[in-house]
Asks: 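Okay, here's the structure, questions in a sec.
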Amino acid sequence: MAKKIKRYLITSALPYVNTVKHLGNLVSSLLPADIYARYLRQRGEEVLAVCGTDDHGTPAEVSALEAGMPVEEFVEQMYMKQKEIYEQFGLSYDLFSRTHTKENFEMTQHLFLKLYENGFIKEKEIQTLYCKNCKRNLPDRFVIGTCPYCKYEHARGDQCENCSKVLDGVDLINPKCIICGKNDTEIKTSKHLFLDLGGLEEEIKAWLNSHKDWPKTTLSIANSWIKEGLKPRCISRDLKWGIPIPLDGYRDKVFYVWFDAPIGYISISMEWAKQQGNPDLWKKFWKDPETYVVNFIGKDNVPFHAITFPATLAGADDGFNLANYIKAFQWLNYEKQKFSSSQKIGIFTDTALQLYPADYWRYYIMKIAPERHDTDFLWTEFRDSINTDLADVLGNFVHRTLTFTNRYFSSDVPPAKNLDKEDKAILAKMEETGKKASKELQKLEFQRTLLLLLDFARECNRYFQLKKPWEDWKNKKHERAATTLNTCLQCCRGLAVLFAPFIPFSAEKIFTYLNLSEKLGKQSWEALDKRIPEGHKICKNPEPIFRKIELEEIVELALEWGGDSVKEVLKQNPHLQDKLAKKKEQTKKEKTTIKKSEGIMTTEQISFKDFQKLDLRVGTIVEVEAIKGANKLLKLIVDIGTEKRQIVAGIAKRYEKDELLGKQIVIVCNLEPATIRGVQSNGMLLAADAAPEISILVPLRKVPNGSKVR
RNA sequence: AGCGCGGUGGGGUAGCUAGGUUGGCCCACAGGGCUCAUAACCCUGGGAUCGGUGGUUCGAAUCCACCCCGCGCUACCA
C-alpha cells in the first residue's frame with residue numbers, strides 16, 4: 001500500500017455468459033466494483049473499470065445446444081442481454097465487453113507464447129474420450145458414466161460427485177456422451193498443454209505474502225492452494241469453441257476457459273483504448289506500476305485471481321501489473337438457501353428490475369454484502385431496509401426540507417445568519433462523515449461506509465427535530481428558521497453526494513430537486529464544504545424520493561419466489577393468510593405445469609414385458625442409520641417379507657430417522673447392487689424428485705411386506 | 001471425512017487479527033414528545049448467563065483446548 005497511486009484499474013469477475021445472473025453475482029463483484037469506481041471518479045481520480053461476459057467453455061456450448069442455436073449466436077445474444085441489464089442497474093463500466101473478441105484472441109495467444117518461450121508450458125500425452133456418434137471430443141462434463149471407485153452411475157468426466165474422487169473421462173465405466181446419450185465412445189490419445197504452476201510457486205507465494213491486508217477470505221483460500229502445492233494445470237481442450245492454440249501440433253485445440261477468461265480484463269481494456277482513439281492507452285493501466293489494480297470477485301474465484309492468473313502474468317514476464325488488492329466476497333444466500341441458477345432459486349437480475357427500482361436492490365444487497373461471511377437475502381429485511389433507511393430516514397429528511405423551503409421561503413434557499421453551535425455541529429458532522437466514509441471505502445469496507453452514511457442521515461433528522469423550524473416560524477423568528485433550513489438544504493446536498501455511489505439514480509433525483517447544475521459525479525466526499533448559495537431556486541414540486549414497500553407486496557413476492565422470512569409476518573397478520581392460501585394454490589398449479597413442460601419426457605415407448613422386468617415390492621423400514629462421511633445418505637434396512645434388505649438412499653437432507661421407521665415404502669428389488677460410500681446398496685426406494693423436496697412413495701393402505709407393485 | 005465460515009437480547013448484526021470504563025447499532029416491542037414531512041421524525045425504557053465446558057490472566061464475547069449445533073465448500077456455480 002506504500003506505493004504511489006496515480007490511477008486505478010478496477011475489474012469485476014466476468015459473469016459467465018450462459019444465464020442471466022442473480023443478486024448473488026451482482027453483490028460479489030459487479031456492484032461493489034461500480035460503487036468503488038463511482039466513488040473514485042467523484043474524487044477526481046483517473047479510473048478504468050472493465051467487465052464483460054466470459055464466453056467460452058463447455059457450459060455455454062451445452063446451453064446453446066439446448067436452445068438449438070449455434071454457440072456464437074447464443075453467446076452473442078446472452079451478452080447483449082446481460083449488458084442491458086447491467087446498464088439498467090447503473091453499472092458504470094468504462095467498457096462492458098466480452099471474451100470472444102479479436103483482442104482477447106490476440107492477447108491470450110500472445111501471453112501463451114510468452115509463457116511457452118519462458119518455459120512454463122509443459123506437454124503431456126493424455127487419454128481422452130471421443131463420441132463417434134456426435135463426432136465430438138468429450139472433455140470434462142461432456143461425458144458421464146459409472147465411477148470406477150464407488151460405482152456411482154452419474155459421475156462426470158472430471159470428478160465423481162458421490163465419492164469426490166477426481167477422475168479422467170477415460171476412467172469411467174460405461175461412459176456416455178451427454179449430447180446423444182449413447183455409449184458410442186472411443187479412447188483417443190493426444191498431447192495436451194499444461195501451465196507449470198509449480199515453477200511459479202515461489203513468486204506467487206512471495207506476492208501473496210506481501211499482501212497481508214487482503215480479506216481473510218482471499219488469503220485463506222489462496223494459502224490453502226499453496227499449502228497443497230501447485231500442480232501443473234491443463235490449459236488445452238479438444239473443442240472448437242474457444243481461442244485456438246497458436247502452436248504446431250495443437251492448432252486443432254482451444255484454450256481451457258479459465259486461461260483466457262481473466263485475460264479478458266486486459267483485452268477489454270485494449271478495446272476500450274481503441275474506442276478512445278488511443279490504442280496504447282490501456283498500457284498505462286496495465287504496465288505502469290503506479291496504477292492501483294483492484295479485482296472484485298466471489299470466493300469461488302479466488303484460485304483464479306490469486307494463483308493462476310497472476311501466475312500467467314508472472315510467467316509471461318511481459319511487464320503486466322498484478323492485482324494490488326483482491327476483494328473477495330463470500331456467498332449471499334436467498335432466504336437461507338443457496339442462490340442457484342440451475343434450480344432457479346433466488347431473485348435474478350432481470351426479475352429484480354421488473355419488481356423494484358435498481359437503487360432498492362443496490363442499497364439493500366450492499367447493506368448485507370457478504371464481506372466477512374455468508375449473509376442472507378430476506379424479504380422482510382429488504383422491506384425494512386428500504387422503508388426505514390431509504391424512505392423514512394434519508395428520503396423523508398430530504399422531502400421535509402424541500403417542502404418546508406417551498407412553503408415558507410417560496411423555493412429560495414434562505415439565508416444562513418449567525419450559525420449557532422448546533423448548526424455548526426451538523427455541518428461539521430457532514431464533512432467528518434465524508435472523510436471517515438472515504439477512509440472506509442478506500443479500504444473497500446462497504447458495509448461500514450454505508451453505516452456511516454446512514455448515521456449522518458439520522459443525525460440530520462435529529463437536527464431538524466431539535467431546531468423545530470416550524471415553531472420558529474410561528475413565533476416569528478423567521479431568521480432563525482431560515483438558518484436552520486439553509487443548513488438542512490446543505491445537508492441534503494451532502495447526502496446526495498455521499499449516497500451517490502450506492503444509489504446513483506436517487507442521488508441524482510435529489511440534485512435535480514435541489515436544482516443544482518453541478519455534476520454530481522464530480523463531487524468529492526472529501527470536499528463537502530461547498531455550499532448552495534443563498535437565494536438559489538430549488539424545484540417547486542418535489543416528490544418523495546422513495547416509494548415504500550407494502551407488507552402485502554413482499555408476502556406475495558415471497559410466495560411467488562420462495563422465502564420463509566415472511567412466515568412470522570403472516571402469523572402476526574392473519575388477514576394476509578387468506579391471500580396466502582389462494583396464492584399458494586395458484587402457484588402450485590403453475591409450478592406443476594412448468595414442471596411438466598420443462599421436464600424431459602421421454603417419447604420412447606417400452607413394452608409391457610420390459611416393464612415387467614422391474615421387480616417392485618413393498619417393504620417396511622425397520623432400521624435407519626446415517627452413513628459416516630456422507631451428508632445426504634441414509635442406510636435403510638427394509639423388511640420385504642422374504643428377507644431384510646439393506647439399501648442406501650440419498651434422502652438424509654429431507655428425512656429423519658423417526659419419520660421413516662415403520663413406514664411402508666416401495667423398492668426396486670432387482671436392481672444390481674452398488675457400493676455407495678463403502679456401503680452396499682441392494683435396491684432402491686421410489687420417491688418423487690422435486691428438488692429440493694423429496695417425497696417418498698408409500699402404499700396408501702397397509703399390505704403384507706413383499707407385495708408386488710405394478 | 002477433510003477444509004472454510006458462523007453460533008451475541010424476539011429478528012438481523014458490530015465488536016473479537018493488537019483482551020480492560022455500564023456489550024454498540026438497525027428492526028420489532030412499551031411509554032412519551034412533535035406536527036415541517038412519505039402514519040414520518042425525536043426522546044426514554046424493557047429485554048442478552050456474548051453456543052457449552054475447562055484453561056491462561058488482576059481482568060475475556062475478545063486468547064488457548066476440547067465439545068455441541070448450523071451452513072457452505074471439497075465441481076470452471078459470485
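Note on naming: letters A, B, ... go to the chains in the order of the sequence lines (proteins, then strands), and numbering restarts at 1 for each one.
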Asks: Checking base pairs now: Watson-Crick or wobble, both atom distances under 3.5 Å. What partners B:rC71?
Replies: B:rG4
Asks: Among the candidates B:rG4, B:rG33, B:rG11, find the nucleotide nearest to the side-chain atoms of A:Gln465.
Replies: B:rG33
Asks: Side-chain N or O of A:Lys467 less than 4.0 angstrom from OP1 or OP2 on B:rC36?
Replies: no
Asks: Just compare B:rC36, B:rU38, B:rC41 and give me whichever is closest to any side-chain atom of A:Tyr408.
Replies: B:rC36
Asks: Could you say whether the aromatic ring of A:Trp470 and the base of B:rC36 stack, counting only centre distances under 5.5 Å and plane angles under 30°?
Replies: yes
Asks: Between B:rC36, B:rU38, B:rG12, which nucleotide has the shortest distance from any of its atoms to the side chain of A:Arg407?
Replies: B:rC36
Asks: With a 4.0 Å cutoff (strictly under), does any side-chain N or O of A:Asn25 reach OP1 or OP2 of B:rA78?
Replies: yes
Asks: Which listed nucleotide (B:rU38, B:rA78, B:rC41) is nearest to the side chain of A:His399?
Replies: B:rU38
Asks: Write down the distance separating the P atoms in B:rG9 and B:rG52, rounded off to the nearest Å.
Replies: 10 Å
Asks: What's the shortest heavy-atom distance between A:Arg372 and A:Gln330, and which atoms?
Replies: O-NE2, 3.4 Å
Asks: Atom CE of A:Met366 to atom P of B:rG12: distance rounded to whole Å?
Replies: 21 Å
Asks: Indicate, with a heavy-atom threshold strictly under 4.0 Å, whether A:Ile545 touches base, sugar-phosphate, or nothing.
Replies: base
Asks: Who does B:rU22 pair with, Watson-Crick or G-U, both distances under 3.5 Å?
Replies: none
Asks: Taking only the P atom of each, what is the distance from B:rC41 to B:rC5 in whole angstrom?
Replies: 38 Å
Asks: What nucleic acid atoms does A:Gln330 come within less than 4.0 Å of, heavy atoms only: base, sugar-phosphate, or nothing?
Replies: base
Asks: In whole Å, measure the gap between the P atoms of B:rG45 and B:rC3 for me.
Replies: 47 Å
Asks: Can you tell which of B:rC36, B:rA78, B:rC41 lies closest to the side chain of A:Asn301?
Replies: B:rA78
Asks: Does A:Lys429 pair with A:Asp455 as a salt bridge, N-O distance under 4.0 Å?
Replies: yes
Asks: Under 4.0 Å, counting only non-hydrogen atoms across every strand here, what does A:Lys468 touch: a base, just sugar-phosphate, or nothing?
Replies: nothing
Asks: When the P atoms of B:rG70 and B:rA75 are considered, how many whole Å apart are they?
Replies: 24 Å
Asks: Is A:Ala391 touching bases, backbone alone, or none of the nucleic acid, heavy atoms closer than 4.0 Å?
Replies: base
Asks: Mind listing the side-chain donor-acceptor pairs of residues 407-414 of chain A below 3.5 Å, one per line with the distance, residues two or more places apart or on another chain?
Replies:
| unit_1 | atom_1 | unit_2 | atom_2 | d |
| --- | --- | --- | --- | --- |
| A:Ser411 | OG | A:Asn406 | OD1 | 2.4 |
| A:Asp412 | OD1 | A:Lys537 | NZ | 2.9 |

Asks: Reckon A:Arg458 touches a base, only the sugar-phosphate, or nothing at all at heavy-atom distances under 4.0 Å?
Replies: sugar-phosphate
Asks: Looking at A:Arg448 and A:Glu445, does any basic side-chain N land under 4.0 Å from a carboxylate oxygen?
Replies: yes
Asks: Does a nitrogen or oxygen in the side chain of A:Arg448 sit under 4.0 Å from OP1 or OP2 of B:rG15?
Replies: yes
Asks: Within the 3.5 Å criterion, strictly below it, is a donor on A:Tyr463 or A:Glu459 matched to an acceptor on the partner's side chain?
Replies: no
Asks: Now, which nucleotide makes the Watson-Crick or G-U wobble pair with B:rC34, with each of the two distances under 3.5 Å?
Replies: none
Asks: Taking only the side-chain heavy atoms of A:Asp300 (C-beta and beyond), determine which of B:rA14, B:rC26, B:rA78 contains the nearest atom.
Replies: B:rA78
Asks: Output the single nucleotide from B:rC42, B:rG12, B:rC27 whose closest atom is nearest the side chain of A:Leu378.
Replies: B:rG12
Asks: Taking the same atom, C1', in B:rC69 and in B:rC27, what whole-Å distance lies between them?
Replies: 26 Å
Asks: Would you indicate what A:Leu332 reaches in the nucleic acid, counting non-hydrogen atoms under 4.0 angstrom: base, sugar-phosphate, or nothing?
Replies: base
Asks: Under 4.0 Å between any heavy atoms, over every strand shown, what does A:Phe304 touch: base, sugar-phosphate, or nothing? Just pick one.
Replies: sugar-phosphate
Asks: Now, which nucleotide makes the Watson-Crick or G-U wobble pair with B:rG9, with each of the two distances under 3.5 Å?
Replies: none
Asks: Contact class for A:Thr388 vs. all strands (heavy atom < 4.0 Å): base, sugar-phosphate, or nothing?
Replies: sugar-phosphate
Asks: Contact class for A:Gly395 (heavy atom, under 4.0 Å): base, sugar-phosphate, or nothing?
Replies: base
Asks: Taking the P atom in each of B:rU49 and B:rG32, what is the distance between them to the nearest angstrom?
Replies: 29 Å
Asks: Is a side-chain donor-acceptor pair under 3.5 Å present for A:His56 with A:Tyr16?
Replies: no
Asks: A:Asp213 vs A:Lys443, test: salt bridge (charged side-chain N to carboxylate O under 4.0 Å, His left out). Steps then yes/no.
Replies: CA-CA 9 Å; A:Asp213 59 319; A:Lys443 288 190 278 177; over 6 Å; no
